[in-house]
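Below is one structure, written out as structure tokens; comments come after it.
Since this is a predicted model, take the numbers as computed values, not measurements. Chain letters run A, B, ... following the sequence lines, proteins first, then strands; residues in each count from 1. Note: hydrogens, waters and symmetry copies are ignored here, and every other heavy atom, side chains too, is used.
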There are 2 protein chains.
Amino acid sequence: MVDVKLPDGFRLRPESMLCFDIYATHHAVGQVYQPLLSKLGLTYPQYLVMIVLWEQDRQTVGQLGERLDLASSTLTPLIKRLESQGLVSRKRDAADERKVRVLLTPAGIALEQEASHVPGCVAEAFGLSVEQFAQMHSLLGQLRRALKAQGDSEAA
Amino acid sequence: MVDVKLPDGFRLRPESMLCFDIYATHHAVGQVYQPLLSKLGLTYPQYLVMIVLWEQDRQTVGQLGERLDLASSTLTPLIKRLESQGLVSRKRDAADERKVRVLLTPAGIALEQEASHVPGCVAEAFGLSVEQFAQMHSLLGQLRRALKAQGDSEAA
DNA sequence: ATCATATATATCGTGTACGATTAAATCGTA
DNA sequence: TACGATTTAATCGTACACGATATATATGAT
């Protein structure tokens with residue numbers, strides 16, 4: 001069990017501090033994206049799905065879930081909302097009819113250009129140096145790997 | 001399961017990487033807490049509310065929302081669920097009847113002991129050194145301040 | 001004292017999120 | 001080939017989370 005000196009006035013144990021940190025940061029990130037994305041008619045999770053599809057079109061629901069760590073119970077309704085906005089379409093895989101492939105429509109492809117200013121706006125809002133970006137990426141990656149290992153040993 | 005895989009060839013800009021990182025880490029943290037907390041009959045957001053109340057009893061809904069960055073539309077039903085479990089009660093402030101104070105019941109107070117193993121379990125799962133804890137706390141704090149400043153200037 | 005304004009919480013509608021279950025398609029192996 | 005086991009999405013019920021709105025209380029200027 002790890003013990004750390006606390007910043008002045010902060011009465012939580014470090015592990016709680018960090019879980020509050022991550023909870024609050026996640027929230028703050030969503031707040032910065034929200035006004036940018038609402039102009040495009042997207043929510044933040046919908047935007048993440050679109051990013052993954054812009055990287056590679058025609059992925060299955062399962063592949064999207066793997067990338068984003070989301071279950072079909074979350075993705076299926078989310079994708080149907082994207083479909084009803086005309087950004088994607090859904091098609092059963094010909095070779096394996098269990099799989100549903102998500103295809104970008106012309107409007108979905110075009111949206112990438114309309115959204116091209118978003119990453120720059122967000123990067124600016126982040127206010128971190130390149131070194132701090134790298135440091136944070138490394139730390140969060142390490143944390144996630146440790147948490148994943150815990151989850152797996154728990155499941156075993 | 002708990003990790004978002006970004007395989008080789010998955011090319012994201014750093015700011016996008018970081019937003020994926022935070023999204024995924026937030027999710028992974030929740031996954032580690034979930035099995036520990038379900039034995040106590042709590043969800044992760046409910047646990048955060050209880051932590052804040054264990055620090056200081058009889059806070060108003062607004063104070064809890066300030067601490068956790070949550071609106072009354074989220075907190076009111078959450079607190080009512082805690083109330084229906086007998087962990088807290090709700091009482092209008094005598095001096096200002098607009099305010100609702102949330103009071104720990106004896107069961108709510110006792111739950112702190114039952115939950116005392118949780119922070120240690122999670123800290124272990126985090127798998128970070130003391131220095132890394134401090135580094136992450138510092139970086140996340142800096143990021144949050146920058147994001148909050150951005151949100152404020154946006155609102156102005 | 002009265003009324004406009006501000007504050008604190010609650011309510012409503014939409015959209016994630018997840019575990020458990022279901023249903024259909026595929027695969028392995030006898 | 002046949003059939004049980006596995007895989008893949010979809011569905012269901014519960015619980016956040018937020019913006020917009022409603023309601024009740026409090027405050028302040030006249």
Side-chain angles (χ1 to χ4, degrees), chain A residues 23-35 37-39 41-50 59-66 68-85 88 90-102 151 154-155, chain B residues 1-2 4 23-35 37-39 41-50 59-66 68-85 90-102 151 154-155:
Chain A
Y23 189 84
T25 305
H26 173 255
H27 180 267
V29 168
Q31 293 293 101
V32 166
Y33 273 101
Q34 196 276 328
L37 296 178
S38 73
K39 290 165 190 157
L42 292 177
T43 66
Y44 181 49
Q46 287 168 7
Y47 176 64
L48 293 179
V49 168
M50 292 303 290
Q59 294 190 66
T60 68
V61 172
Q63 287 173 319
L64 295 173
E66 184 107 358
L68 295 170
D69 201 5
L70 292 175
S72 68
S73 49
T74 300
L75 279 174
T76 295
L78 189 157
I79 291 167
K80 285 185 175 176
R81 279 178 213 109
L82 292 177
E83 186 180 27
S84 73
Q85 291 175 54
V88 305
R90 289 145 27 85
K91 195 171 70 100
R92 290 273 165 191
D93 187 295
D96 184 343
E97 297 249 335
R98 293 172 303 181
K99 296 177 181 173
V100 168
R101 293 202 174 271
V102 182
E154 194 78 8
Chain B
M1 184 165 43
V2 166
V4 170
Y23 188 84
T25 306
H26 173 255
H27 180 267
V29 168
Q31 294 291 101
V32 166
Y33 273 102
Q34 195 276 329
L37 295 178
S38 72
K39 290 164 190 155
L42 291 177
T43 65
Y44 180 49
Q46 286 169 8
Y47 176 65
L48 294 179
V49 169
M50 292 302 291
Q59 294 189 66
T60 67
V61 172
Q63 287 174 318
L64 296 173
E66 182 111 356
L68 296 170
D69 217 342
L70 292 176
S72 68
S73 49
T74 301
L75 279 174
T76 296
L78 189 158
I79 291 167
K80 285 185 175 175
R81 281 187 280 273
L82 291 176
E83 187 180 27
S84 73
Q85 292 175 54
R90 287 145 32 86
K91 194 170 71 97
R92 290 274 164 188
D93 186 296
D96 184 344
E97 298 248 334
R98 292 172 304 180
K99 296 177 180 171
V100 169
R101 293 201 174 272
V102 182
E154 194 78 8

Between [N] atom [atom2] and [X] atom [atom1], what is the distance in whole Å?
| X | N | atom1 | atom2 | value |
| --- | --- | --- | --- | --- |
| A/His27 | D/dG19 | NE2 | C1' | 12 Å |
| A/Leu64 | C/dA17 | CG | C1' | 16 Å |
| B/Glu83 | D/dA15 | CD | C1' | 17 Å |
| B/Gln59 | C/dT9 | CD | P | 11 Å |
| B/Leu68 | C/dT9 | CG | P | 14 Å |
| B/Glu66 | C/dT7 | CD | C1' | 14 Å |
| B/Leu37 | D/dA15 | CG | C1' | 14 Å |
| B/Tyr33 | D/dC16 | OH | P | 16 Å |

Phosphate OP1/OP2 of C/dA17: any B/Tyr23 side-chain N/O under 4.0 Å: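 Answer yes for this pair, as a side-chain N or O of B/Tyr23 is under 4.0 Å from OP1 or OP2.
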
C/dG19 OP1/OP2 closer than 4.0 Å to side-chain N/O of B/Gln31: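 Looking at the OP1 and OP2 atoms of C/dG19, one of them is under 4.0 Å from a side-chain N or O of B/Gln31.
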
Nearest 0.5 Å please: distance from the [atom1] atom of [X] over to the [atom2] atom of [Y].
| X | Y | atom1 | atom2 | answer |
| --- | --- | --- | --- | --- |
| A/Gln85 | A/Leu42 | CD | CG | 6.5 Å |
| B/Leu68 | A/His27 | CG | NE2 | 10.0 Å |
| A/Gln31 | A/His26 | CD | NE2 | 10.5 Å |

Base-contact (B) and sugar-phosphate-only (S) positions in nucleotides 7-14 of chain D, heavy-atom cut-off under 4.0 Å, - elsewhere: BSSBBB--

Test item: A/Tyr23 and B/Asp69 side chains (from C-beta on) under 4.5 Å apart, heavy atoms: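 Not in contact.
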
Close side-chain approach of A/Thr25 to B/Thr25, heavy-atom, < 4.5 Å: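 No, every pair of side-chain atoms sits at 4.5 Å or beyond.
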
Non-neighbouring partners of B/Arg92 that pass salt bridge (charged side-chain N to carboxylate O under 4.0 Å, His left out), sequence neighbours left out: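 For B/Arg92 there are no salt bridge (charged side-chain N to carboxylate O under 4.0 Å, His left out) partners, ignoring immediate neighbours.
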
Side chain to side chain contact (heavy atoms under 4.5 Å, CB included) partners for A/Gln63, two or more places apart: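 Applying side chain to side chain contact (heavy atoms under 4.5 Å, CB included) to A/Gln63 gives A/Gln59, A/Thr60, A/Arg101.
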
Whichever of A/Asp93 and A/Tyr44 has its nearest DNA chain C nucleotide further upstream toward 5':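 Its nucleotide being nearer the 5' end, the pick is A/Tyr44.
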
Which residue lies more 5' along DNA chain C, comparing A/Leu70 with A/Glu97 via nearest heavy atoms: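 Taking each residue's closest nucleotide, the earlier one in sequence belongs to A/Leu70.
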
Identity of whatever pairs with D/dT30 - Watson-Crick or G-U, under 3.5 angstrom: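 Pairing partner: C/dA1.
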
Touch class at under 4.0 angstrom, heavy-atom based, for A/Gln46 against every strand present: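 If one applies the 4.0 Å heavy-atom cut-off, A/Gln46 turns out to touch the sugar-phosphate alone, with no base involved.
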
